[in-house]
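When a ligand or atom number is given, it counts from 1 through the structure's own listing order. Keep in mind that this is a model prediction, so the values were computed, not measured.
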Amino acid sequence: MSVEVYYDDDADLGLIQAKKVAVIGYGSQGHAHALSLRDSGVDVVIGLPEGSKSRPKAEEQGLRVVTPAQAAAEADVIMVLAPDTAQRGIYAESIAPHLAPGKAIFFGHGFNIRYGLIKPPAEVDVAMVAPKGPGHLVRRQYSDGKGVPCLVAVEQDASGNALALALAYAKGIGGTRAGAIKTTFTEETETDLFGEQAVLCGGASALVQTGFEVLTEAGYAPEVAYFECLHELKLIVDLMYEGGIAKMRYSISDTAEYGDLSRGSRIIDSRVKDEMRKILGEIQSGEFAREWVAEDEAGRPNFTKWQAEGAAHPIEETGRKLRGMMSWVDRPITETA
Ligand SMILES: NC(=O)C1=CN([C@@H]2O[C@H](COP(=O)(O)OP(=O)(O)OC[C@H]3O[C@@H](n4cnc5c(N)ncnc54)[C@H](OP(=O)(O)O)[C@@H]3O)[C@@H](O)[C@H]2O)C=CC1
Ligand SMILES: CC[C@](O)(C(C)=O)C(=O)O
Ligand SMILES: [Mg+2]
Ligand SMILES: [Mg+2]
């Protein structure tokens, strides 16, 4: 592999144990980082606004919660794990006034640094520890003595020790048990956005909905279409996850494999690939970031409309009914911290 990968032996937990860490935000990532750091012997304080819904959760878990400004004032390392769109405001109002030489500001995703929405002063370290998995998995893996691989990056190395500090943090959340891959803010941000837009979230959702529409519009039962286009996707993705596309193809029938090999490239054809390149271009040029920031500032009119349209898609109603028949899949969307 051409990338540099760091494991537990490459990281000194003592570096982060010697610091006070403020975790700003207590959602998917925030709760996982804070609880795992605490269990790794790190002094952690949570920064949340008065009245935040997350406050009782963090307090119930035995964590001390103060305002983001107080947390930033107290801490040596400030990890920003609030929603990407909120980070710029939190930084300006609550973090920037408390940054001083010797402090570090950390991120779980590079969006705000990559697009210049947050510009920390030269005298602080700026680094990223970005687990490659949802926060609840990060926490569960840590608690099981394992870890989720993470990306680490240093944007600004004022102390000369920023990478070592980021690796120590990654060790504190279990990341170096699995491996911490060194990257840059630019690479992490651009690939993360591309992945979620073109493949994982945007691409996959559209593929599933469109397949469901084609079958139901042709008169097939929505229940049967649901199984074929959504439910079984997990079985297929699980096989890919375990052993790549090769293992999935090994496991499916020859008929399915022939259909895959002969038809797949008609679905994801050169037009789709060109569109993917266009989407990547919008990410690289900053066009997507500008659009998303403007949408958020305008009160998210399109976001809200598209969310409602997605929720009203017939596949959701069909899925609700069918999942009710399958006790093992009918779970709440989020697990609690
Ligand atoms: N979700 C994931 O698995 C992944 C996320 N990331 C990155 O991690 C970061 C956090 O994302 P995620 O964990 O999904 O976030 P969530 O949306 O799950 O959680 C947001 C948290 O921030 C709090 N919050 C909201 N506004 C403020 C504010 N003004 N000041 C302080 N806290 C605030 C929320 O509190 P309240 O309850 O009051 O709303 C909540 O506790 C992002 O940069 C994201 O890109 C990276 C990898 C994966
Ligand atoms: C795939 C979505 C993600 O990038 C993630 C969980 O990694 C996100 O931003 O939530
Ligand atoms: Mg991601
Ligand atoms: Mg993302």
Side-chain angles (χ1 to χ4, degrees), residues 22-36 45-61 63 65-72 75 78-96 98 105-115 117-118 126-142 148-153 169-170 173 175 180-181 183 185 187-205 237 241 283 288-289 292-293 296 300 303 333-337:
V23 175
I24 310 296
Y26 198 74
S28 176
Q29 290 294 321
H31 92 279
H33 290 224
L35 294 173
S36 303
V45 62
I46 309 301
L48 286 167
E50 306 282 359
S52 157
K53 291 190 301 296
S54 303
R55 273 189 168 235
K57 254 196 275 178
E59 282 164 350
E60 277 159 26
Q61 302 280 346
L63 292 159
V65 184
V66 297
T67 62
Q70 193 181 329
I78 302 152
M79 170 52 106
V80 186
L81 293 174
D84 296 312
T85 45
Q87 291 181 10
R88 189 165 49 135
I90 299 170
Y91 175 81
E93 193 182 317
S94 307
I95 300 177
H98 303 292
I105 180 163
F106 278 25
F107 294 86
H109 175 44
F111 189 88
N112 281 273
I113 294 291
R114 162 64 182 84
Y115 296 112
L117 301 165
I118 291 178
V126 181
M128 173 169 38
V129 180
K132 287 284 89 185
H136 296 90
L137 181 67
V138 173
R139 176 60 183 158
R140 197 160 63 235
Q141 287 291 299
Y142 176 89
V148 170
C150 60
L151 301 181
V152 289
Y169 185 107
I173 61 168
I181 297 167
T183 182
F185 271 65
E187 184 174 67
E188 185 277 339
T189 306
E190 294 178 2
T191 54
D192 187 81
L193 293 176
F194 178 80
E196 66 201 21
Q197 292 175 25
V199 183
L200 305 173
C201 308
S205 303
V237 170
Y241 190 78
I283 292 166
F288 170 77
W292 175 217
V293 169
D296 183 60
R300 305 187 173 197
F303 184 86
I333 288 173
T334 51
E335 299 162 50
T336 52

(message) Please work out, at 4.0 Å between heavy atoms, whether the side chain, the backbone, both, or neither of Ala130 comes within that distance of ligand 1.
(response) neither
(message) Tell me the protein heavy atom at minimum distance from atom 4 (O) of ligand 2, and give that distance in Å.
(response) Glu196 OE1, 2.5 Å
(request) Closest by any non-hydrogen atom to atom 29 (N) of ligand 1: pick that one out of Leu48, Asp192, Thr67, Ile90. (result) Ile90
(request) Taking only heavy atoms of Ser52 into account, list the atoms of ligand 1 that are under 4.0 Å away from them. (result) 35 (O), 36 (P), 37 (O), 38 (O)
(request) Could you check whether the rings of His31 and Tyr26 sit parallel, tilted or perpendicular, using 30° and 60° as the cut-offs? (result) perpendicular
(request) For the Mg ion (ligand 4), find the closest N/O/S atom on Asp192 and give its atom name. (result) OD2
(message) At less than 4.0 angstrom from any non-hydrogen atom of Pro134, what atoms of ligand 1 do you find?
(response) 3 (O)
(request) Could you find the nearest protein heavy atom to atom 8 (O) of ligand 1 and give me its residue, atom name and distance? (result) Gln29 CG, 3.6 Å
(message) Under 4.0 Å from atom 2 (C) of ligand 2, can you find at least one protein heavy atom?
(response) yes
(request) Return the residue, atom name and 0.1 Å-rounded distance of the protein heavy atom closest to atom 7 (O) of ligand 2. (result) Asp192 OD1, 3.9 Å
(message) Check this for me, if you would: do Asp192 and Arg114 make a salt bridge, where the nitrogen-to-carboxylate-oxygen distance has to be below 4.0 angstrom?
(response) no
(message) Which of the numbered atoms in ligand 1 are under 4.0 angstrom from any heavy atom belonging to Gly135?
(response) 3 (O)
(request) Could you say whether the N/O atoms of His109 and ligand 1 ever approach to under 3.5 Å? (result) no
(request) Starting from the Mg ion (ligand 4), look over the N/O/S atoms of Glu196 and name the nearest one. (result) OE1
(request) Report the C-alpha separation of Thr183 and Glu187 in whole Å, then their side-chain angles, then the decisive distance to 0.1 Å, and conclude whether the side chain to side chain donor-acceptor pair (under 3.5 Å) test is met. (result) CA-CA 6 Å; Thr183 182; Glu187 184 174 67; 2.5 Å; yes
(request) Look at atom 9 (C) of ligand 1 and find which of Pro131, Gly108, Ala82 reaches it with the closest heavy atom. (result) Ala82
(request) Of all the heavy-atom pairs spanning Val138 and Val148, show the shortest one and how long it is. (result) CA-CG2, 3.8 Å
(message) Any nitrogen or oxygen of Gly27, side chain or backbone, less than 3.5 Å from one on ligand 1?
(response) yes
(request) For atom 39 (O) of ligand 1, state which one of Glu93, Glu188, Lys53, Glu196 supplies the nearest heavy atom. (result) Lys53
(message) Only heavy atoms of Asp84, strictly under 4.0 Å: list the atoms of ligand 1 that pass.
(response) 42 (C), 43 (O), 44 (C), 45 (O)
(message) Could you check whether any side-chain heavy atom of Val126 comes within less than 4.5 Å of a side-chain heavy atom of Phe185, counting everything from C-beta outward?
(response) yes
(message) Looking at non-hydrogen atoms alone, which of Gly47, Pro83, Gly110, Ala71 comes nearest to atom 20 (C) of ligand 1?
(response) Pro83
(message) Are Met128 and Val152 packed together at the side-chain level, in the sense that at least one heavy-atom pair is separated by less than 4.5 angstrom?
(response) no
(message) I'd like to know if Gly133 contacts ligand 1, where contact means a heavy-atom distance under 4.0 Å to any ligand atom.
(response) yes
(request) Indicate yes or no for a side-chain donor-acceptor contact from Ser52 to the backbone of Leu48 under 3.5 Å, with no hydrogens or angles considered. (result) no
(message) Students often mix this up, so state it plainly: with edges at 30° and 60°, are the rings of Tyr169 and His33 parallel, tilted or perpendicular?
(response) tilted
(message) Heavy-atom distances under 4.0 Å decide this one: backbone, side chain, both or neither, for Gln87 against ligand 1?
(response) side chain
(request) Look at atom 37 (O) of ligand 1 and find which of Pro56, Ser54, Ala58 reaches it with the closest heavy atom. (result) Ser54
(request) Say whether Lys57 and ligand 1 are in contact under the criterion: heavy-atom distance to a ligand atom below 4.0 Å. (result) no
